[in-house]
Amino acid sequence: MDTLQQLSSGLDTVWVVLTAAMILLMEGGFALLEAGFVRQKNAVSIIMKVFVDISFGALIFYFVGFGLMYGKDAGGFIGTSGFFMGGDLTHINLNISHETYWLFQCAFVIAVISIVSGAVAERINFRAYILYTIAMTGLIYPIAGHWVWSVGGWLGKLGMVDFAGSAVIHALGGFAALAAAMIIGPRIGKFSADGSANIVPPSNLPLASVGAFILWFGWFGFNSGSTLSATNSSIGHIAVTTMLSAAAGSATCILFTMLRYRKSDPPMVINGALAGLVGITAGCAFVSDVAAILIGAVCGIAMVYATEILEAKQIDDPVGAFPVHGVSGSIGTIAVGLFAQPDAVREGTAGLFYGGGFSLLGIQALGLVTVCLWGFIMTWASLKLIQKVAALRVSRDEELVGLDVGTHGVPAYSQEDGFIDLQHLKKN
């Protein structure tokens, strides 16, 4: 029996570590996607922010975030142990070690801050971004996560369902991104004096497409890995619903933009696939294949409309972080309350369309509103506080010349055809 238990634990550990690595690879996807969507003069700044996400995010989550999120519960609102992976963690009863579990959760927290990164691209001050990363990974996300996912969290005890994070990761990150974009303001020249939006051409759409494909690949680790078990019978179903929702989001955007703009819009199609992925994340284990397709299609269309509304309101979101994550994450969270199959979540529960009434739907709505407000308000407060010690935005000159040179001192692409002759320079 001990041998079987060791084998089971070993398999689960390998599974969780591999899927955590897939999620971490998504940072490469974020980097390529955002670098492709922004202008060439700001590509290096995107890469540097992703390194901030990974390095500062992992350290702060190890020091503080994991304890606040998964530590011993205090009143359903906050964790009180697990800082520096120490203290009492016996309440986390899994078939994997606490270290393995931390690694998987660390990959999630890095994804959250990367959502906000895109919304403030091309104009945020690098020092301010580091400070905000500390706030998000050490406080904002962990506390919201504790409410839903921890043993004793108050939303989890009410019955809120968010399998892999449509609400806790994406809706929270999306509404945090909205707050950040509103505070920091639009890029210079994005909107004309009459309020109309000017098109800012992406620097490299093929690069952005590769980033989207990497994100799509990593999402199988995001969703299927959330089983935390290599022998869970729902892994295959989760992978299928993930695939179908992403495909539906992309296909819907291809057709919808052809009808709406008379041309299939590549950035919208890219974001349509991501919207479908975000939307299915909450219910990937609980909804049918057909429901997954419907969720993806609705998310794709909603993302297009949300993008247009932001521009009408003169809110500048260079990569569509709020439409993709905030809007689609909200739809996906509510969709669980509509489409959850009988007994799929837990015995005796079902979505509204499967005879479950409004109970689960009401809980999902309450949890969604709570998490979104928390992300928006805490981001607003954090950035206002950061503004007292560091400028939130780069100077006008830095923005015009580009953050690559203005902030980091190096362009993304060399303009020279050959090598620099140092000896010749010394002689002259």
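Given the structure is predicted, the values throughout are model-derived calculations rather than measurements.
- Aromatic pair Tyr70/Phe61: centroids not less than 6.0 angstrom apart.
- Here the side chains of Met22 and Trp219 are not in contact, with every heavy-atom distance at 4.5 Å or above.
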What side-chain donor-acceptor pairs closer than 3.5 Å can you find for residues 261-268, not counting sequence neighbours?
unit_1, atom_1, unit_2, atom_2, d
Tyr261, OH, Glu308, OE2, 2.5
Asp265, OD1, Met268, N, 3.0

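- By the 4.5 Å heavy-atom criterion applied to side chains, Ile124 and Arg393 are not counted as neighbours.
- Environment of CZ in Arg346: crowded, with over 12 heavy atoms of neighbouring residues, nucleotides or ligands closer than 6.0 Å.
- With a 4.5 Å cut-off on side-chain heavy atoms, Asn223 and Ile280 count as touching.
- Across Phe175, Tyr141, Trp147, a single residue satisfies ring pair (Phe, Tyr, Trp, His ring centres under 6.0 Å) together with Trp374, and that is Trp147.
- Summarising the local packing, NZ of Lys41 is surrounded by more than 12 heavy atoms from other residues, nucleotides or ligands at distances under 6.0 Å.
- Each of Thr227, Thr231, Asn232 was checked for a side-chain hydrogen bond (donor to acceptor under 3.5 Å, both in side chains) with Ser229, and the lone residue meeting it is Thr231.
- Side-chain contact between His146 and Asp73: present, with at least one pair of heavy atoms (C-beta onward) separated by less than 4.5 Å.
- Side-chain contact check for Ile315 versus Pro186: every heavy-atom pair is 4.5 Å or farther apart.
- At a threshold of 4.5 Å between non-hydrogen side-chain atoms, the residues Ser97 and Thr13 do not count as touching.
- Within the 4.5 Å cutoff, the side chain of Ile92 has heavy atoms near those of the His98 side chain.
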